[in-house]
Amino acid sequence: MKKSLLAVVFFPFLTFAQGIPTLTDEMAIKLSEKPLHCINQEYPNKTAHIINNADEVSLSPKALHPTFYGCFDWHSSVHGHWMLVRILKTKPDLAIAKQIEGILNESFKKESLQTEADYFTKYQLTGTFERTYGWAWLLKLDEELATWNHPKAKIWHQNLKPLMDKILSSWKTYLPKQTYPNRTGVHPNTAFAMAFAIDWARAIGDSNFEDQLIEKAKYFYLKDEKTPAYLEPDGSDFFSPSLEIADLMRRVLPQKEFVQWLNRFYEKRSLKNIEKIPVVSDLSDYQTVHLVGLSFSKAWCMKGIAKSLPNHHSLKKEFQKTANIFLNNGLPLLFQGNYGGDHWLASFAVYALED
């Protein structure tokens with residue numbers, strides 16, 4: 001409680017309680033400080049690289065990934081870059097715009113991104129690297145660049161293409177072989193990744209990939225009903241497994257079918273449970289702090305689901321209201337922890353603050 005009060009004192013630009021949080025210029029600058037600080041911070045680092053022989057033991061994170069080596073792990077660096085692109089794209093007149101542009105210019109060098117792409121063929125056992133969480137965020141980054149009519153973005157997007165081609169090829173190879181979805185509340189969550197992939201496919205115009213994703217989403221989740229969301233969350237979740245599924249299915253089904261599916265999917269006790277604020281007992285713990293991210297991901301799922309519902313549906317206003325409560329809960333906590341949250345939470349916050 002004391003920490004929350006301190007957040008109000010030291011971060012007066014945050015709107016709490018009954019307010020509707022928005023990404024003001026001031027908040028965008030404050031949130032941008034997180035990835036700006038860590039994108040070039042190599043250590044501590046969780047590489048996730050499988051060492052195949054003694055020659056690879058001495059490889060540093062930056063040697064393996066000259067662009068996405070910072071922010072503790074590869075995927076956090078990717079979505080940190082997405083966040084900076086998004087802010088520069090939507091708020092080009094920020095006081096820190098030139099600083100952001102300089103960081104991105106350095107990161108999106110052609111030779112560095114070619115090395116990132118070569119990683120997937122140079123080393124053994126890279127087929128599962130960042131599957132599918134990191135893959136999803138890379139598609140979100142690519143989507144942001146591809147839909148930005150700006151000279152710099154066009155260069156960055158072109159330089160990213162070799163890596164994108166590798167990831168996209170891997171995903172298209174993997175998708176038909178994925179027999180079961182991962183219904184976890186952490187990185188391997190299938191519904192989250194497929195939602196981002198569908199967004200990318202629609203933005204880029206890859207209708208074949210979109211059709212494959214839609215078909216697989218229906219195969220995985222169309223028959224789901226009475227989901228046991230009353231058991232959520234696990235102790236280190238940053239996703240609600242049930243809300244991620246619903247957020248995916250709103251993209252897949254026409255509104256009438258989605259409403260019918262959603263009404264079967266959630267029981268009253270599950271709805272009551274997913275609207276509870278996560279209890280974060282230790283913000284300094286690298287796993288427990290995931291629960292702050294859970295507030296943000298629940299917010300973006302509820303916002304998206306609410307937008308997809310007809311005006312008369314009881315969950316429309318309920319989810320809109322609850323999404324703001326989650327945002328107002330998570331935002332002050334974001335500024336109170338340590339590097340365990342600093343290296344990734346701002347990206348989640350920015351995505352959750354989007355309309």
Side-chain angles (χ1 to χ4, degrees), residues 31-50 59-89 96 99-120 122-123 126 128-145 152-153 156-157 159-164 166-168 170 186-188 192-193 196 200 238 286 289-290 292-293 296-297 334 337-351:
L31 290 172
S32 295
E33 291 174 359
K34 301 297 185 181
L36 285 172
H37 174 75
C38 73
I39 274 175
N40 293 324
Q41 180 175 332
E42 191 169 6
Y43 300 103
N45 200 294
K46 182 182 178 184
T47 65
H49 174 71
I50 297 174
L59 292 172
S60 68
K62 192 172 184 179
L64 291 166
H65 302 290
T67 293
F68 302 122
Y69 64 87
C71 295
F72 190 68
D73 45 33
W74 192 88
H75 53 257
S76 298
S77 180
V78 171
H79 60 73
H81 280 84
W82 164 81
M83 176 191 153
L84 293 180
V85 169
R86 180 66 185 171
I87 285 183
L88 190 61
K89 179 179 177 180
I96 59 168
Q99 183 184 357
I100 292 175
E101 186 177 315
I103 289 284
L104 295 177
N105 262 331
E106 184 66 26
S107 287
F108 291 139
K109 286 182 176 178
K110 184 176 182 178
E111 59 271 22
S112 297
L113 287 167
Q114 185 61 57
T115 301
E116 290 280 359
D118 293 343
Y119 174 81
F120 291 90
K122 183 176 182 179
Y123 301 101
T126 55
T128 59
F129 179 75
E130 292 290 352
R131 190 178 75 189
T132 52
Y133 180 79
W135 295 3
W137 277 110
L138 190 74
L139 264 63
K140 185 58 68 179
L141 172 60
D142 186 74
E143 176 190 342
E144 207 66 67
L145 290 171
K152 289 279 188 181
W156 298 338
H157 184 241
N159 291 349
L160 188 64
K161 189 176 186 302
L163 176 58
M164 263 300 304
K166 291 284 186 184
I167 295 301
L168 191 59
S170 294
V186 288
H187 305 90
F192 161 77
F196 271 22
W200 177 88
F238 53 80
Y286 275 44
V289 76
H290 281 181
V292 178
F296 296 134
S297 66
L334 188 157
N338 59 14
Y339 197 57
D342 287 353
H343 76 270
W344 67 282
L345 278 173
S347 304
F348 269 48
V350 168
Y351 188 69

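For the pair Ser60 and Tyr43, the tightest heavy-atom approach, listed with the atom from each and the gap, is CB-OH, 3.7 Å. Of all the heavy atoms in Ser77 and Gly70, the pair that sits closest is CB-O, 3.5 Å. Residues Ser112 and Ser107 approach most closely at CB-O, 4.3 Å, considering heavy atoms. Closest heavy-atom contact between Val289 and Gly340: CG1-O, 3.6 Å. For the residue pair Leu334 and Asp342, the shortest heavy atom distance occurs at O-OD1, 3.9 Å. Contact record, His81 with Leu104: CD2-CD2, 3.9 Å, taken as the closest heavy-atom pair.
Taken to the nearest 0.5 Å, the CG atom of Asn105 stands 3.5 Å off from the NZ atom of Lys152. Rounding to the nearest 0.5 Å gives a distance of 15.5 Å between NZ of Lys140 and CE of Met83. For the atom pair CD of Glu144 and CD1 of Ile87, the computed distance is 10.5 Å after rounding to the nearest 0.5 Å. Distance check, rounded to the nearest 0.5 Å: NZ of Lys110 to CG of Leu160 gives 13.0 Å. One distance of note links CD of Glu101 with CD of Glu106; it measures 13.0 Å at 0.5 Å rounding. We find the OG1-NZ distance between Thr126 and Lys166 to be 8.5 Å, quoted to the nearest 0.5 Å.
In this structure, the side chains of Leu345 and Lys34 stay at 4.5 Å or more apart for every pair of heavy atoms. At a threshold of 4.5 Å between non-hydrogen side-chain atoms, the residues Leu139 and Met164 count as touching. Using a 4.5 Å cut-off on side-chain heavy atoms (C-beta onward), Ile39 and Leu84 make contact. The shortest side-chain heavy-atom distance between Tyr123 and Ile50 does not fall under the 4.5 Å cut-off. The shortest side-chain heavy-atom distance between Asn40 and Tyr69 falls under the 4.5 Å cut-off. For the pair Lys109/Asn159, no side-chain contact is recorded, criterion being any heavy-atom separation below 4.5 Å from C-beta on.
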Run Trp82 and His75 through ring-ring contact (aromatic ring centres under 6.0 Å, His included) and show every step you take.
CA-CA 11 Å; Trp82 164 81; His75 53 257; over 10 Å; no
Show your working on side chain to side chain contact (heavy atoms under 4.5 Å, CB included) between Ile96 and Leu36 and close with a plain yes or no.
CA-CA 10 Å; Ile96 59 168; Leu36 285 172; 4.1 Å; yes
Check the pair Phe68 / Tyr119 against ring-ring contact (aromatic ring centres under 6.0 Å, His included), numbers first and verdict last.
CA-CA 12 Å; Phe68 302 122; Tyr119 174 81; over 10 Å; no
Apply the test side chain to side chain contact (heavy atoms under 4.5 Å, CB included) to residues Glu130 and Leu138: give CA-CA distance (whole Å), side-chain angles for both, the deciding distance (0.1 Å), then the verdict.
CA-CA 10 Å; Glu130 292 290 352; Leu138 190 74; over 6 Å; no
Dump the intermediate steps for side chain to side chain contact (heavy atoms under 4.5 Å, CB included) on Trp156 and Leu113, then the final yes or no.
CA-CA 10 Å; Trp156 298 338; Leu113 287 167; over 6 Å; no
Steps toward side chain to side chain contact (heavy atoms under 4.5 Å, CB included) verdict (Phe196, Thr132):
CA-CA 10 Å; Phe196 271 22; Thr132 52; over 6 Å; no
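Around NZ of Lys161, the count of heavy atoms belonging to other residues, nucleotides or ligands within 6.0 Å does not exceed 12.
A donor-acceptor pair under 3.5 Å is formed between the side chain of Thr115 and the backbone N or O of Glu111.
Checked against the 6.0 Å centroid threshold, Phe129 and His65 count as a close aromatic pair.
For Pro188, the side chain to side chain contact (heavy atoms under 4.5 Å, CB included) test picks out Asn182, Thr184, Val186, with sequence neighbours left out. Residues that satisfy the side-chain hydrogen bond (donor to acceptor under 3.5 Å, both in side chains) test with Trp137, not counting sequence neighbours, are Tyr133.
Relative orientation of the Tyr339 and His343 rings is tilted, given thresholds of 30° and 60° on the angle between their planes.
Evaluation of the salt bridge (Lys or Arg N to Asp or Glu O under 4.0 Å) test over residues 38-50, restricted to residues two or more places apart or in two chains, returns none.
A donor-acceptor contact closer than 3.5 angstrom links the side chains of Glu116 and Trp74.
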